[in-house]
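Everything numeric here is computed off the predicted structure, so don't read it as measured data. Order of the sequence lines sets the chain letters (A, B, ...), proteins ahead of strands, with each chain counted from 1.
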Protein chains: 2
Amino acid sequence: MKDIALYCGVSVSTVSKALNGRGDVGEATKEQILEAAKELGYTANSAARALKTNRTYSIGIVFTDLSNSGFMHEYFASMLNYFRMEAERRGYDITFISENMGPTNTGYLQHARARGLDGVAIICADFFDPMIQDLIRSDLPIISLDHAFNNRSAILSDNMRGMESLVRYVYGKGHRRIAYIHGNHTAVTENRLTGFYRACEALGITVPNEYVTECEYHEPVSCHAATKRLLALPERPTCIFFSDDYSYIGGINAIYEAGLRVPEDISIVGYDGIHMAKMVSPKLTTWQQNTVELGRIAAEQLIERIEHPRTTLPKHITVQGKLLEGETVRQLG
Amino acid sequence: MKDIALYCGVSVSTVSKALNGRGDVGEATKEQILEAAKELGYTANSAARALKTNRTYSIGIVFTDLSNSGFMHEYFASMLNYFRMEAERRGYDITFISENMGPTNTGYLQHARARGLDGVAIICADFFDPMIQDLIRSDLPIISLDHAFNNRSAILSDNMRGMESLVRYVYGKGHRRIAYIHGNHTAVTENRLTGFYRACEALGITVPNEYVTECEYHEPVSCHAATKRLLALPERPTCIFFSDDYSYIGGINAIYEAGLRVPEDISIVGYDGIHMAKMVSPKLTTWQQNTVELGRIAAEQLIERIEHPRTTLPKHITVQGKLLEGETVRQLG
DNA sequence: TTAAGGTACGAAAACGATTTCGTGCAAAGG
DNA sequence: CCTTTGCACGAAATCGTTTTCGTACCTTAA
């Protein structure tokens, strides 16, 4: 900048103003300065700018994988991807924040503060981690995905409605004995379970306790075992809901091993709508969560709050998914 | 820091020294200062530090997805994950860099410079993009994965040897008619093709031209079509190499549609060793690339170069994978 | 006792930008 | 012709660190 000032015979103040499009600078000089900036290959130093303005134009992402495979979970990976795209479109970079800053375990909040991040998005984390609680209680602009904190913005997938829709769809196909292998206990699971029971109740289906069992999310082996348990029941369900699309790999194998066919002998549905669901054969019937919008809106809302802290109130936005009709649910009767 | 200085009745210089463990400060005051820092909840401002020291302790990641699904490609996602872990262990954060800085398309290099990044890792990109070339030609510490640039560090997966091993394995199982559906043309593909042909030649196998065909990486539909072509040949191969594990979903379906069984009627092998390969049934025989080490070493080498620019020379490191024996290759004869 | 050397600390400049406020000048108005 | 207004620009402070260099004091040795 000093060089530009020298080159154009003006002061650095003027250069700064010209570069930032402030008024208070003559049209002619302004153009000359912009010209010179290009000429000299000027790149603003964002550290200096951050120091002065307290704005870094970078957003922290909490993406801590419990099972160390978050990147490999298409649902989260996809949200992250679209979050990134929208953030970059609006001029923000994204940075992962971990629990430690350097060698010391200081927590997410310290990490975000030290980096001077403008805001934080919690995409994938253990929401009951005290470190996360600290973060939530802070005054930083924050948005969380798939978990609604009090008085903080959140973007939520419509887990309850999604589950209800799936049940209704399967019901429409004539199924009455419906089992559900749900994932580990989280807010998401809670919502899906509620949706499941609500729809069943509304449709007059009674669900035996043995029909609702648990497995680990995204873990085919665990789902394989759970499916096996269900198949061994005296009165076998006609349709099984898996915790997620990926687990279906384990589940369907358990079915094949029992000598049954899909969907002729038993129907199955997944949840998520990952790419693979459309590729496998038979194509999986599932609920497709709208990761494109989930990620995009999360970035949009967070940045909105960063840029207009006074006028933006925390809100919870729910994004609707859609039924992905595959070939794994048979029409009964 | 000013507060700490006031609190302890010393100057900011002394505080800075104490905090950074410089000598030149009394043992007693040093402890008092550290105490006070904790007390007051001091967090260093990294923008100010960066401004002064020209070090940000953050690393840029080029992770640009050609097909917009890089996050969803387990190979890249996994490398990124382990890269991140190692980088964080060493006190570096990671930030994605895009082609634009803010609204203007300035290229990766400008982006990295503006942010003052200490180094850049190219994990996933179009290596022939002129923007990438600019980056490579710069004086920034850089490491690239799966593509070796002149006079720059690179971490490479042993594609040639991996492919050779696979061919030898299949040969050992009695197969002589081996087909290969390779991916789009890249350096990686090139290496695998070389390995394939070399092994075949060494083993005295002649490969008909029709046996080597192309599909898109990570695209089951494309692989489905290619497989169909191979199955239609007058002299069908006894074993098909797919471009990658994920494409196998399409390939195996094509085989099933032709009324054939795996591995009884035809054998198949994949490449990558993604999680799914061990989960599907039959388990896929494939070459497992060591993404753990690829990511870890990449971070290690890059940081080494950042911290000791004089003594660290650019080098190319090849990481060995291993054969993952599944159930999709049958013993012939 | 005095000079030399070492130790603990502080003053101040610097990093590269932004921003406030003041100043000079030209145009406009009385 | 004088005053007021508005515009274009610059001087300088500032953001929070690090780092150089100077200084005061205390030891040690001659």
(request) Only counting residues at least two apart or in another chain, list the ones meeting ring-ring contact (aromatic ring centres under 6.0 Å, His included) with A:Tyr57. (result) A:Tyr92
(message) Test of understanding: with salt bridge (Lys or Arg N to Asp or Glu O under 4.0 Å), list the residues that count as partners of A:Asp146, not counting sequence neighbours.
(response) none
(message) For chain A and DNA chain C, what are the first and last nucleotides along the strand, 5' to 3', with at least one atom under 4.0 angstrom from a heavy atom of the protein chain?
(response) C:dG16 to C:dT19
(message) Can you list everything that forms a salt bridge (Lys or Arg N to Asp or Glu O under 4.0 Å) with A:Arg296? Sequence neighbours excluded, please.
(response) A:Glu293, A:Glu300
(message) Using the side-chain hydrogen bond (donor to acceptor under 3.5 Å, both in side chains) criterion, which residues pair with B:Asp134? Sequence neighbours excluded.
(response) B:Arg137
(request) List in chain and number order the residues that pass side-chain hydrogen bond (donor to acceptor under 3.5 Å, both in side chains) with B:Asp24, two or more places apart in sequence or in another chain; answer none if no residue qualifies. (result) B:Lys17
(message) Between the opening five pairs and the closing five pairs of the helix from C:dT1-D:dA30 to C:dG30-D:dC1, how far apart are the helix axes, to 10°?
(response) 50°
(request) Return the orientation label for the B:Phe96 and A:Phe96 ring planes: parallel under 30°, perpendicular over 60°, tilted otherwise. (result) perpendicular
(request) Starting from the 5' end of DNA chain C, give me the residue, B:Val10 or A:Ala48, whose nearest nucleotide shows up first. (result) B:Val10
(message) Taking any heavy-atom pair under 4.0 Å as a contact, classify B:Gly116: base, sugar-phosphate, or nothing.
(response) nothing
(request) Select base, sugar-phosphate, or nothing to describe what B:Ala47 touches, counting heavy atoms under 4.0 Å on all strands. (result) nothing
(request) Scan A:Thr29 against the nucleic acid and name what it touches under 4.0 Å (heavy atoms): base, sugar-phosphate only, or nothing. (result) sugar-phosphate
(request) Treat primed atoms plus P, OP1 and OP2 as sugar-phosphate and everything else as base, then score nucleotides 18-26 of chain D 5' to 3': B for base contact with protein heavy atoms under 4.0 Å, S for sugar-phosphate contact only, - for none. (result) BB-------
(request) Let me know the distance between CZ of A:Arg113 and P of D:dC15, rounded to the nearest Å. (result) 19 Å
(request) Please identify each residue that fulfils ring-ring contact (aromatic ring centres under 6.0 Å, His included) with B:His147, with sequence neighbours left out. (result) B:Phe127, B:Phe128, B:Phe149
(message) For a quick check of understanding: with a heavy-atom distance under 4.0 Å over all strands, which category does A:Ala50 fall into, base, sugar-phosphate or nothing?
(response) nothing
(message) Please give me the minimum heavy-atom distance between A:Phe63 and A:Ala77, naming the atom from each residue.
(response) CZ-N, 4.3 Å
(request) Check ring-ring contact (aromatic ring centres under 6.0 Å, His included) between A:Tyr7 and all other residues, then give those that pass, not counting sequence neighbours. (result) none
Could you pull out all donor-acceptor pairs under 3.5 Å where a side-chain atom in residues 28-37 of chain B meets a protein atom, sequence neighbours excluded?
{"from": "B:Thr29", "atom 1": "OG1", "to": "B:Gly26", "atom 2": "O", "distance (Å)": "3.0"}

(request) Would you kindly give the CG-to-P distance between A:Asn45 and D:dC15, to the nearest whole Å? (result) 18 Å
(request) With sequence neighbours left out, write down each residue that passes side-chain contact (heavy atoms from CB on, under 4.5 Å) with A:Lys52, or none if nothing qualifies. (result) none
